[in-house]
Amino acid sequence: QVQLVESGGGLVQPGGSLRLSCAASGSIFSNNVMDWYRQAPGKERELVARITSGGSTKYADFVKGRFAISRDNAENTVYLQMNSLKPEDTAVYYCNAEVVVVPSRRTYSYWGQGTQVTVSS
């Protein structure tokens with residue numbers, strides 16, 4: 001069993017910053033790709049940023065230059081540094097991880113419970 005726990009969300013004014021964290025724990029052999037998604041009310045969940053185990057990153061166009069994804073492989077944790085936040089960034093942010101579990105060494109996808117980010121003055 002693997003659990004992903006997000007933290008760091010909250011209320012911030014436009015132009016402000018937040019740092020989200022997502023820690024994976026449990027029967028983990030290794031983490032492969034780790035992603036951040038978001039879902040705004042009435043909208044579909046969308047990919048925000050992705051990072052591979054080797055550190056390669058990919059960003060959605062709407063966050064390029066403002067958000068930065070990083071990871072600590074030793075701690076099985078992924079981060080999302082969000083700068084220059086806009087009201088349209090308001091959403092529930094979810095992390096997703098492809099995890100190789102023990103003892104089977106099979107790969108499964110896991111989701112965190114989500115953390116609310118609200119950008120408002």
Side-chain angles (χ1 to χ4, degrees):
Q1 189 74 1
V2 173
Q3 298 81 37
L4 300 182
V5 178
E6 297 120 335
S7 60
L11 173 64
V12 63
Q13 292 186 343
S17 298
L18 284 174
R19 189 189 194 213
L20 305 183
S21 300
C22 173
S25 62
S27 304
I28 299 170
F29 175 75
S30 65
N31 280 316
N32 295 335
V33 174
M34 301 185 81
D35 298 329
W36 284 99
Y37 284 77
R38 71 185 187 186
Q39 187 167 21
K43 295 189 176 182
E44 294 187 352
R45 192 171 296 188
E46 58 187 357
L47 178 66
V48 174
R50 168 169 292 167
I51 187 167
T52 68
S53 57
S56 297
T57 59
K58 176 183 177 180
Y59 295 93
D61 287 343
F62 52 78
V63 303
K64 282 182 180 177
R66 300 189 298 124
F67 291 10
I69 190 170
S70 60
R71 63 189 288 168
D72 182 334
N73 288 331
E75 297 294 328
N76 291 315
T77 299
V78 62
Y79 304 96
L80 185 68
Q81 178 66 44
M82 304 186 294
N83 300 324
S84 302
L85 283 161
K86 305 175 181 179
E88 51 263 43
D89 293 318
T90 296
V92 178
Y93 284 71
Y94 298 90
C95 68
N96 175 268
E98 288 185 356
V99 180
V100 180
V101 300
V102 293
S104 67
R105 302 289 181 94
R106 292 182 176 178
T107 301
Y108 296 94
S109 177
Y110 294 92
W111 290 91
Q113 82 285 357
T115 185
Q116 177 70 47
V117 172
T118 303
V119 185
S120 176
S121 55

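Keep in mind that what you see is a predicted model, and the values were worked out from it rather than measured.
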Can you tell me how far the [atom1] atom of [X] sits from the [atom2] atom of [Y], to the nearest 0.5 Å?
X	Y	atom1	atom2	result
Q1	Y110	CD	OH	6.0 Å
M34	N32	CE	CG	10.0 Å
S84	R66	OG	CZ	7.0 Å

Take atom CD of E88 as the centre, draw a 6.0 Å sphere, and report whether it contains more than 12 heavy atoms from other residues, nucleotides or ligands.
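Buried by this count: over 12 neighbours within 6.0 Å.
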Parallel, tilted or perpendicular: rings of F67 and Y93 (30°, 60°):
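Tilted, since the angle between the ring planes falls between 30° and 60°.
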Taking all non-hydrogen atoms of both residues into account, name the closest pair between A49 and Y59 and its distance.
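Shortest heavy-atom contact: CB-CD2, 3.7 Å.
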How close do V102 and F29 get, counting heavy atoms only, and between which atoms?
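Where V102 meets F29 most closely, the heavy atoms are CG1-CB, 3.5 Å.
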Does a side-chain N-to-carboxylate-O contact under 4.0 Å join K86 and D89?
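No salt bridge links K86 with D89.
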Check whether any side-chain heavy atom of [X] lies under 4.5 Å from a side-chain heavy atom of [Y], and answer yes or no.
X	Y	value
S109	N96	yes
V117	R38	no
M82	L20	yes

Please report the C-alpha distance between V12 and S17 in whole Å, then the side-chain angles of each, then the deciding distance to 0.1 Å, and finally whether the side chain to side chain contact (heavy atoms under 4.5 Å, CB included) criterion is met.
CA-CA 7 Å; V12 63; S17 298; over 6 Å; no
No-hydrogen, no-angle side-chain donor-acceptor test under 3.5 Å, S53 and N73:
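Their side chains do not contain a donor-acceptor pair, so the 3.5 Å distance test is not met.
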